[in-house]
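Naming: A, B, ... by sequence-line order, numbering from 1 per chain. Treat the numbers as computed from the prediction; the structure is a model and nothing was measured.
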Amino acid sequence: MSDEQQGLKRSKLEKLQTEYMIDPFPPRSHESLSIKEVRDGRETEENVLVTGRITGKREHGKTVFVDLRDSTGSIQLYLSRNVLDEKTWSVVGLLDLGDIIQVNGSVFTTRLGELTVKCADLTILCKSLRQLPVVKVDSEGVAHDEVTDSDYLYRHRCVDLIINPDSLDRFRKRSRIISSLRSYLDSNDFLEVETPVLQSIYGGAAAEPFKTHYSSMNETYFLRIAKELYLKRLLVGGIDRVYELGKDFRNEGIDRTHSPEFTQLEMYEAYADYNVMMTRFEEMVITAAGVSGIGSDLEYQGTLIHLSPPFRRIGFLESLSKASGEDLFSWEPEDLETLCRKNDIATLAKDRITLLDKLFDFYVADRIEQPTFVVDYPEAMSPLAKGKPGSPGVTERFEAFVLGLELANAFSEQNNPILQRQILEEQAEASVHREGSVDEDFLYALETGMPPAGGMGIGIDRLVMLLTGTSKIRDTILFPNLRRQNK
RNA sequence: GAGCCGCUAGCUCAGUAGGUAGAGCAUCUGACUUUUAAUCAGAGGGUCGGGGGUUCGAUCCCCCCGCGGCUCACCA
């Protein structure tokens with residue numbers, strides 16, 4: 001904002017204070033009705049009190065129309081020189097878009113059918129010193145001069161929420177989705193817990209961690225990349241149904257579906273397996289869709305999605321063989337690389353497993369539209385999952401996809417401490433770059449004895465994307481990570 | 001991390017085939033006692049993302065940097 005604009009706002013502020021002896025930032029307001037309550041009450045001769053932010057102002061000489069908005073809606077105010085006393089009328093002239101005011105008056109309907117508060121009195125509750133971008137909506141509901149600078153909106157989410165009702169609505173839905181998941185889990189006897197975010201040994205997923213330094217211990221700590229290894233300790237401890245909903249941190253690239261700081265729900269259920277987790281997932285998604293006001297059919301990125309259980313199930317190995325027409329699993333890495341190149345799949349990977357995963361994304365995952373469980377992943381891709389009886393080299397694991405978006409990852413949890421130790425030690429050995437080491441305390445827990453269990457992680461931001469029709473994960477996160485701006 | 005594109009008034013955008021810039025909305029002044037993208041008349045507002053180079057002269061051409069968007073890599 002220019003100095004001139006700032007100066008104007010300041011001089012209005014001073015005028016209010018010195019000329020009219022008004023405190024532009026009073027400590028409190030009177031209890032008032034929400035705008036929705038006023039609208040529901042229709043016309044009334046009785047005085048109502050309303051508070052809100054000014055989002056529009058239309059002057060007509062001795063009359064001014066103002067649009068007032070609170071979190072429940074918007075209503076028009078009618079301010080007339082004939083109704084207000086002289087001082088208040090002067091104050092009306094100093095009102096700006098963005099100011100927060102309280103008014104009281106009767107409610108009537110204008111000639112054009114707009115429900116309106118005929119103000120008898122007005123109090124400024126907060127004078128805005130910044131100029132809000134103005135978005136006007138015409139009679140056809142088309143927004144004009146909508147702010148398109150997403151950087152500006154991410155950096156000033158407060159402005160975004162004020163000027164973009166859709167944005168506010170999306171975050172309301174996010175909140176409702178999360179509380180519906182909590183109440184589903186709570187009503188199914190899952191216990192919500194909190195486990196460490198700062199960890200001296202990280203694990204539970206294959207990802208690059210954020211590092212930090214713990215001064216008083218003089219040791220390197222990591223922000224968790226997953227909650228898995230701690231929640232399993234709780235299964236050992238006798239909390240048979242447990243979950244944690246919170247942030248994980250992964251020091252990887254940012255794109256449309258990845259955020260370095262993201263919200264993940266992890267849940268573990270003793271005496272269950274990955275089949276139970278599939279049912280849980282179906283139920284939770286349906287529940288969440290219900291509260292976000294969508295129902296079981298929704299449009300996502302131009303495709304109609306049917307959330308009707310049971311979701312389709314396809315085998316990882318079978319679907320890849322079928323889609324590619326080859327039994328790729330017997331192939332050497334060099335041949336897999338050649339196939340990748342032939343299909344324009346760019347990757348730096350050289351190992352069989354990563355290449356297979358790449359090819360799987362290309363042939364299968366990217367083409368999935370309707371909700372689908374991809375089941376039974378190769379052992380080498382799933383170090384914490386239990387093997388599938390009768391299928392050597394295959395684990396009881398699934399990932400849930402909708403329109404190419406991975407929403408959940410679940411398995412029948414590995415509870416054999418000897419096998420688990422072997423896998424974790426091999427993994428630690430193989431990964432030269434990783435600073436992580438084997439989590440001995442986790443293995444101590446497994447050796448103590450963990451009941452057979454099913455576990456699942458659900459990407460909450462992505463679920464919100466799906467249920468709100470949002471294409472960018474950043475639009476589901478109130479304050480997404482941005483590069484620091486010099487200024 | 002790589003490639004491409006972008007950055008001009010508070011917001012949305014135009015523009016100059018190199019001669020330091022315009023519109024709409026917002027703001028300010030005036031008119032208007034039921035308007036709603038209110039309307040009408042007038043005004044102010046920009047070191048054209050930052051730095052360097054070429055040039056008599058750069059917002060425009062070249063180079064570097066910053067920030068963003070989109071693709072890709074890493075990854076969930």
- Query: For the base of B:U35, is there a side-chain donor-acceptor partner from A:Glu59 under 3.5 Å away?
  - Reply: no
- Item | Below 4.0 Å: OP1/OP2 of B:U36 and any side-chain N or O of A:Lys57 | no
- Does a side-chain N or O from A:Lys136 land closer than 4.0 Å to OP1 or OP2 of B:A26, or not? yes
- Item | Nucleotide nearest A:Tyr78 (side chain, heavy atoms from C-beta), chosen from B:U34, B:A76, B:G68 | B:U34
- Query: Taking the side chain of A:Phe108 as its heavy atoms from C-beta onward, which of B:C70, B:U34, B:U35 lies nearest to it?
  - Reply: B:U34
- Message: Can you tell me whether the side chain of A:Thr63 and the base of B:U34 have a donor-acceptor pair closer than 3.5 Å?
- Response: no
- Message: Here's one to test your reading of the geometry: is the NZ or CZ of A:Arg397 within 45 degrees of the ring axis of A:Tyr377 and under 6.0 Å from its centre?
- Response: yes
- Task: Determine, step by step, whether A:Leu181 and A:Thr287 satisfy the side chain to side chain contact (heavy atoms under 4.5 Å, CB included) criterion, reporting the C-alpha distance in whole Å, the side-chain angles of both residues, the deciding distance to 0.1 Å, and the verdict.
- Result: CA-CA 8 Å; A:Leu181 295 176; A:Thr287 306; 5.9 Å; no
- Select one nucleotide: of B:U35, B:G68, B:U33, the one nearest the side-chain heavy atoms of A:Ser80. B:U33
- Message: Could you tell me how far apart A:Asp357 (CG) and B:C75 (P) are, to the nearest whole angstrom?
- Response: 9 Å
- Message: Categorize A:Asp255 for me: base, sugar-phosphate, or nothing, with a 4.0 angstrom heavy-atom threshold over every strand shown.
- Response: base
- Query: At under 4.0 Å, does any side-chain N or O of A:Lys12 touch on OP1 or OP2 of B:C28?
  - Reply: yes
- Task: Compare side-chain N and O positions of A:Arg462 against OP1 and OP2 of B:A76 and report whether any pair is under 4.0 Å apart.
- Result: no
- Query: Using a cut-off of less than 4.0 Å, is there contact between a side-chain N or O of A:Thr257 and OP1 or OP2 of B:A76?
  - Reply: no
- Query: With a distance cut-off below 6.0 Å to the six-membered ring centre and an angular limit of 45° from the axis, does A:Arg474 pair with A:Tyr154 as a cation-pi contact?
  - Reply: yes
- Message: I'd like to know if A:Asp67 pairs up with A:Lys57 as an ion pair, taking the criterion as any Lys NZ or Arg NE/NH1/NH2 lying under 4.0 Å from an Asp or Glu carboxylate oxygen.
- Response: no
- Task: Kindly say whether, by distance alone, the side chain of A:Glu114 makes a donor-acceptor pair under 3.5 Å with the base of B:U36?
- Result: yes
- Between P of B:U71 and CG of A:Asp366, the distance in whole Å: 13 Å
- Message: So that I can tick it off, tell me whether A:Arg10 and A:Glu14 are bridged by a salt bridge, with the cut-off set at under 4.0 angstrom between side-chain N and carboxylate O.
- Response: no
- Query: Which one, B:U35, B:C67, B:A76, comes nearest to the side chain of A:Arg483?
  - Reply: B:C67
- Length of the CG-P vector between A:Asp96 and B:U27, whole Å: 7 Å
- Out of A:Ile314, A:Leu328, A:Asp357, A:Val374, which one pairs with A:Leu320 under the side-chain contact (heavy atoms from CB on, under 4.5 Å) rule? A:Leu328
- Value in whole Å for how far the P atom of B:U12 lies from CG of A:Asn164: 11 Å
- Quick one: is A:Lys358 getting a side-chain N or O under 4.0 Å of the B:C74 phosphate, OP1 or OP2? yes
- Query: Within less than 4.0 Å of OP1 or OP2 of B:G68, is there a side-chain N or O belonging to A:Arg155?
  - Reply: yes
- Message: Nearest to the side chain of A:Gln76, heavy atoms from C-beta on, is which of B:G68, B:C74, B:U35?
- Response: B:U35
- Nucleotide nearest A:Asp145 when distance is taken to its side chain, options B:U35, B:C28, B:U12: B:U12
- Query: Counting side-chain heavy atoms from CB outward, which of B:C70, B:U34, B:U12 is closest to A:Arg256?
  - Reply: B:C70
- Message: From the set B:A37, B:C74, B:A26, return the single nucleotide nearest to any side-chain atom of A:Val134.
- Response: B:A26
- Output the single nucleotide from B:C75, B:U35, B:G68 whose closest atom is nearest the side chain of A:Arg58. B:U35
- Give a yes/no answer on whether the side chain of A:Thr148 brings an N or O atom under 4.0 Å of OP1 or OP2 in B:C13. yes
- Taking the side chain of A:Leu97 as its heavy atoms from C-beta onward, which of B:A37, B:A73, B:U27 lies nearest to it? B:U27
- Message: Using only modelled atom types and a 3.5 angstrom limit, is any donor from either the side chain of A:Arg111 or the base of B:U34 paired with an acceptor on the other?
- Response: no
